[in-house]
Amino acid sequence: MQCLAMEEINDFKDIYFFHTLSSTNIHAQEQIKAKKITENSVVVAKKQDAGKGQRGTQWLSNHGENLLFSIVYFPKSLDVSAAFYLSKVTSLALFDLVTELTEGQIKIKWPNDIYVGSKKIAGILIENNILGSAVSSSVIGIGLNVNQALFEKQLNATSIMNESGQKHQLTSLLSKFLQIFNKWLFTQSKEQVDSAYLQALYGHGQTMNFEDKLGLFQGVILGVAENGLLHVKKENGNTCFYEIKEIRFTG
Ligand code: BTN
């Protein structure tokens with residue numbers, strides 16, 4: 001293990017670099033439980049043997065080619081019902097970084113996938129620890145495809161290199177990301193975050209095709225509630241709030 005103090009990143013001081021971990025999220029959670037990690041630390045790995053994706057999927061990444069890291073954050077006062085705020089802030093930081101480095105059309109696909117055109121470039125897995133009704137600590141796991149050229153077709157994925165034609169140094173991108181994340185988390189108001197998130201949200205205000213347990217339908221995304229549920233107006237006029245497992249975009 002190597003621990004670097006990155007002076008230029010005021011609020012994220014301890015960055016722990018590993019060659020291989022099962023998952024940076026798992027390691028960060030273990031360290032929190034053992035009280036061995038301070039707040040605003042970052043765990044980074046070149047390779048994960050069991051990288052975790054959303055909905056029980058595996059996050060696949062070529063060795064040393066992409067950014068795989070988890071931020072350990074101890075919110076001062078964040079109610080469980082508003083925990084999705086961390087998801088918005090993280091998505092916006094990735095959105096800004098990818099926008100700066102690539103030419104394509106960047107969107108946040110609800111709840112927090114970052115897309116360039118029709119391909120996914122980054123994913124977020126946030127795991128919160130709860131005390132009473134508050135989030136006591138949060139592990140914000142991020143996988144950003146940076147220098148990987150080839151992906152399995154069914155992943156429908158891309159990387160910064162594929163989109164910009166340029167390779168990037170992973171540590172400088174991490175440092176850049178943390179600065180942007182820091183800005184969104186600590187200096188922007190809730191209104192600024194909410195409005196920027198909606199502006200970047202794929203399909204917001206547009207008629208889109210979806211599937212829920214009742215079948216295929218057309219609807220318009222009205223927004224995302226505080227608790228992260230997707231607010232959709234169906235063609236029949238009904239408005240519904242969906243959890244991630246309850247709705248699917250169908251094109
Ligand atoms: C998704 O499925 O879109 C979420 C992917 C999150 C992957 C990252 S990689 C670093 C961190 N550690 C993990 O095990 N998962 C997250």
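Whatever order the structure lists ligands and atoms in, that order sets their numbers, starting from 1. Only this structure's heavy atoms are used, side chains among them; waters, hydrogens and symmetry mates stay out.
Regarding atom 5 (C) of ligand 1, its nearest protein heavy-atom neighbour is W59 CE3, 3.3 Å. Here the heavy atom of the protein found nearest to atom 3 (O) of ligand 1 is K120 NZ, 2.6 Å. The nearest heavy-atom contact from the protein to atom 11 (C) of ligand 1 is T24 OG1, 3.2 Å.
The nearest pair of heavy atoms linking H27 to F18 is NE2-CZ, 3.4 Å.
Not a single heavy atom of R55 sits closer than 4.0 Å to an atom of ligand 1.
Under a 4.0 Å N-O distance rule, the pair D212/R248 does not qualify as a salt bridge. A salt bridge links E127 with K52: the distance from a Lys NZ or Arg NE/NH1/NH2 to an Asp or Glu carboxylate oxygen falls below 4.0 Å.
Residue nearest to atom 12 (N) of ligand 1, selected from Q48, Q54, K52: Q48 (by heavy-atom distance).
The G51 neighbourhood of ligand 1 comprises atoms 14 (O), with distances under 4.0 Å to a heavy atom of that residue.
When heavy-atom distances to ligand 1 are checked against a 4.0 Å cut-off, D113 comes that close only through its side chain, counted from C-beta outward. Contact annotation: for I124 versus ligand 1, heavy atoms closer than 4.0 Å belong to the backbone alone.
Within a 6.0 Å radius of NZ in K234, more than 12 heavy atoms belonging to other residues, nucleotides or ligands are found.
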Item to complete: Assess whether ring pair (Phe, Tyr, Trp, His ring centres under 6.0 Å) is satisfied between Y197 and F95, documenting all intermediate values.
Response: CA-CA 9 Å; Y197 179 83; F95 175 88; 9.8 Å; no
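Note: F177 and F69 meet the aromatic proximity criterion, with ring centroids under 6.0 Å apart.
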